[in-house]
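Structure, as structure tokens:
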Amino acid sequence: MNNEYLLQIKNLSKSFSGVKVLNGVEISVKPGTIHALMGENGAGKSTLMKCLFGIYKQDEGEFYLNGEKFNFTDPKHALEHGVSMVHQELNQVLQRTVVDNVWLGRYPTNGLFVDEKKMLEDTIELFKKIEVDIDPTKNLADLSVSQRQMVEIVKAVSYDAKVIVLDEPTSSLTQNEVDKLFEIMRTLKKQGIGLIYISHKMEEIFEISDYVTVLRDGNYIGTKVTKEIDIDTIIKMMVGRDLKHRFPSKSHTIGEIVLEVKNLSTTYKPRVKNVSFKLKKGEILGLSGLVGSRRTELVEAIFGARKRETGELILNGKLIKNDTTVQAISNGFALITEERRETGIYPVSNITFNSTIANVHNYKGITGLLNGKQMEKDTSKLVRQMKIKTPSNYELIRALSGGNQQKVIIGRWLLLNPDILLMDEPTRGIDVGAKFEIYQLMLDLVSQGKSIIMVSSEMPELLGITDRIGVMSNGRLAGIVDTKSTNQEELFKMTMKYL
Amino acid sequence: MRNIIDSLKSKFKLGNGEQKKISEILLNNAIYFIIGGIVLFIIISEPTFLSLSVAKNILTQSSVRLILALGVGGIIILQGTDLSLGKNVGFSAIITASFLQSFSYGARFYSTLPDWVWNVNSLGEVIGFQWFFYILVLLVAMIVSAFFSAINGLVVAHFKVHPFLATLGGSVALYGILLLYFNTSDAGPQPIGSLDSTYSSFVGIWHVFGMEIPLLVVYSVIITGVMWVVWNKTTFGKNMFAVGGNPEAAKISGVNVIRTTVMVYILAGLLYGIGGYLEAARVGSANSAFGLNYELDAIAACVVGGISFSGGIGKISGAVAGVLMFTVITYGMVYLGIDAYYQYIIKGTIIVAAVALDTRKYIKKT
């Protein structure tokens with residue numbers, strides 16, 4: 001018996017219909033360490049986790065828990081043995097309180113009735129233990145994403161978890177919240193818990209992890225001590241080639257002002273208050289800010305998806321309305337939404353449908369019926385141009401990886417030939433390689449004279465790709481700075497301006 | 001009323017220093033204001049509406065409807081609905097009436113029943129409980145109703161049939177079974193009347209402390225209390241809200257979603273059984289059309305009371321408020337002598353307005 005490791009995954013392999021998606025993967029988690037798991041989308045991270053939690057059955061390989069061979073039958077089984085996972089897409093009952101969610105599935109009872117008092121006390125105890133400051137009687141719907149994540153972590157701890165898997169927990173958090181999460185992760189670490197941390201963000205890996213394991217195309221590439229390597233090494237391991245720069249080089253020229261937003265405020269909560277700015281032709285304007293600083297609401301208001309109370313939009317010197325999304329689209333606007341799965345894709349429809357749906361009236365022939373051939377042709381062109389990895393145009397979009405889905409959605413809007421693209425977190429949950437391609441695409445677009453407003457929570461990305469950065473703070477615009485002459489500290493200060 | 005005050009209070013307390021606009025308060029509670037306005041209109045046009053006897057009538061009429069609403073309310077919290085409620089209540093009423101006709105009546109459903117009953121009743125006397133047979137019939141009604149409701153629940157939970165369709169089909173099939181049973185009557189297929197006087201007295205008046213309290217109100221208050229405990233204080237109740245709010249999350253946390261769903265349907269069935277038992281006594285007879293459209297009244301009351309079709313949201317107090325408001329308006333319109341056709345229009349409008357206003361609370365964007 002070797003108890004040096006909490007959890008060991010040995011020589012794990014899995015195939016789907018003859019295709020090897022995992023090949024000889026090894027991970028060993030020591031108590032009190034944070035083990036980063038990296039790999040491009042499609043590298044097999046989620047399949048690996050699904051095997052661990054018993055959702056898939058592996059073809060080869062073993063799991064060891066405290067030195068004992070083990071196979072979980074389902075996530076609940078794993079939970080009961082101290083292995084839990086905080087999913088990227090939080091699965092919680094939003095209509096219920098924090099307490100109810102933490103103890104869901106095992107409410108303590110005294111006789112017939114649920115012991116509310118014990119539940120509340122135990123929850124407060126847990127919150128103290130890992131230093132979380134949330135009102136446990138609040139409904140989850142009233143909490144921020146980061147607070148909900150912490151509730152999920154508390155829940156894992158309440159099961160007396162020894163190993164906690166965090167699946168891209170920071171993808172929707174701002175710097176502030178990431179810091180808080182890391183604090184909690186360090187507290188857990190001190191208590192001897194082993195953490196597996198799945199992330200795409202290099203800076204975070206180096207800040208928080210002790211070990212890094214890299215997968216590529218289902219193959220186990222290796223495990224390194226984080227301190228002994230650098231970003232380039234990891235990128236090389238992940239993509240199998242030197243990706244010299246994380247961002248493509250810029251060469252576009254910026255022109256005249258195309259869009260002026262004046263005193264924009266929204267009617268309904270969460271409110272955007274009195275925002276004014278100008279957007280130039282061929283420019284990428286970043287929008288930074290904390291989660292809840294209403295960047296999404298701002299772009300929605302510009303696009304007519306959110307009601308404006310006051311404010312004017314001036315496009316090329318002419319006052320425009322954009323009261324509805326239909327008007328916005330006809331004025332040459334496009335909105336690529338943040339929640340790809342909820343508001344972007346039609347998951348059970350194929351690529352052709354997904355790429356042409358916003359534009360479908362343009363495919364009407366003289367009979368008034370749609371010209372299917374033209375739609376196929378345009379879709380094929382998009383797939384080629386944007387290097388979308390798919391077996392055919394008839395593939396359901398949900399079968400594609402996140403990066404490829406995002407390309408289809410961007411492609412959908414490009415078919416409309418918009419002048420102003422509003423992109424809300426366009427690279428969220430997308431791996432390094434695909435990110436690079438999206439950046440390249442954005443730069444190509446601005447070179448063609450289009451303008452982009454890009455909402456992002458990733459500072460390096462904003463600093464790497466934009467021309468100017470606007471910072472939102474509590475519904476107001478704290479200011480706009482030139483990307484070349486700013487830095488993370490300045491941006492961070494600005495996010496706090498109106499708090 | 002407490003609902004309104006509570007929600008107003010919380011509205012003012014929250015808001016984090018941002019003053020709530022009056023218009024927003026009006027909008028969020030619009031349905032209460034609309035119904036309050038209608039009631040005010042009724043009172044002004046006919047001041048005698050404000051009387052003890054009217055209040056008693058309204059409470060009596062609300063009683064069974066409330067019991068049914070509490071049943072279907074749980075199903076709505078599961079993101080479901082139950083179109084078979086009316087037929088279930090009808091079947092339970094027919095079963096009850098068929099056994100509890102006056103023993104001296106000639107054209108009984110079971111012409112040979114008296115000996116049989118006499119035996120059972122004497123058995124009851126042996127163990128010192130003279131209403132043994134009445135309780136037995138109630139249990140039969142509840143079990144039959146729970147059985148058919150459980151089938152709906154299984155179809156929904158296990159075969160993942162949408163509750164609208166599962167209960168639509170269930171309702172049609174149940175109607176067939178109901179008619180088959182109805183036609184086995186020794187007296188032929190005719191309305192089952194002349195009910196036993198002891199049974200009828202169950203829905204009479206309770207004289208206590210010099211007051212006359214309708215027994216139906218007593219039953220519904222007790223059942224409401226029990227249901228409040230079930231919804232709020234038991235694991236089953238909490239699981240129901242969790243499954244309704246996010247079935248996937250409930251499943252991952254180890255809640256048995258299928259069992260919880262079926263149990264909610266069974267609980268609803270038990271309540272329909274009680275409802276049918278009481279309703280037959282209140283009406284005084286049962287025929288094959290008994291319970292027609294009861295599901296619509298019960299569902300509408302839940303929705304007006306804020307039990308959301310999106311699942312996971314709802315309160316017992318909401319169901320109570322919904323039923324009372326609906327009955328007050330219905331009764332008031334009858335009281336004023338408003339044409340039945342207009343009554344339909346007004347009721348229908350209230351249902352749609354309630355849902356539209358409820359939805360506004362959650363999706364405030366454009």
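Owing to the predicted nature of the structure, the values given are computational and were not obtained by experimental measurement. Labels below follow one simple rule: chain letters A, B, ... track the order of the sequence lines, proteins then strands, and each chain is numbered from 1.
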Is the number of heavy atoms from other residues, nucleotides or ligands under 6.0 Å of [X] [atom1] greater than 12?
X         : atom1 : value
Phe164(B) : CZ    : no
Lys251(B) : NZ    : no
Asn110(A) : CG    : yes

Top residue by heavy-atom pair count (under 4.5 Å) with chain A, among Asn256(B), Val230(B), Asn239(B)?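 Option with the greatest count: Asn239(B).
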For [X] against [Y], the heavy-atom pair lying closest together:
X         : Y         : result
Ile252(B) : Lys76(A)  : O-CB, 4.0 Å
Phe241(B) : Val93(A)  : O-CG1, 4.0 Å
Leu104(A) : Ala250(B) : CD2-CA, 3.8 Å

Ignoring hydrogens and geometry, is there a side-chain-to-backbone donor-acceptor pair from Glu248(B) to Asn91(A) under 3.5 Å?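 Judged by distance alone, no pair lies under 3.5 Å.
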Working to the nearest 0.5 angstrom, can you tell me the gap between [X] [atom1] and [Y] [atom2]?
X         : Y         : atom1 : atom2 : value
Asp115(A) : Lys233(B) : CG    : NZ    : 9.5 Å
Gln95(A)  : Ser310(B) : CD    : OG    : 6.5 Å
Ser253(B) : Tyr159(A) : OG    : OH    : 5.5 Å

Engaged part of [X] at the chain B interface, taking heavy atoms whose separation is under 4.5 Å:
X         : answer
Glu116(A) : side chain
Leu112(A) : backbone
Met119(A) : side chain

For Val229(B), is it the side chain, the backbone, both or neither that has a heavy atom under 4.5 Å from a heavy atom of chain A?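 For Val229(B), the contact with chain A is made by the side chain alone.
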Go through Phe113(A), Tyr107(A), Trp103(A) and name the one with the most non-hydrogen pairs under 4.5 angstrom from chain B.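 Going by pairs under 4.5 Å, I would pick Tyr107(A).
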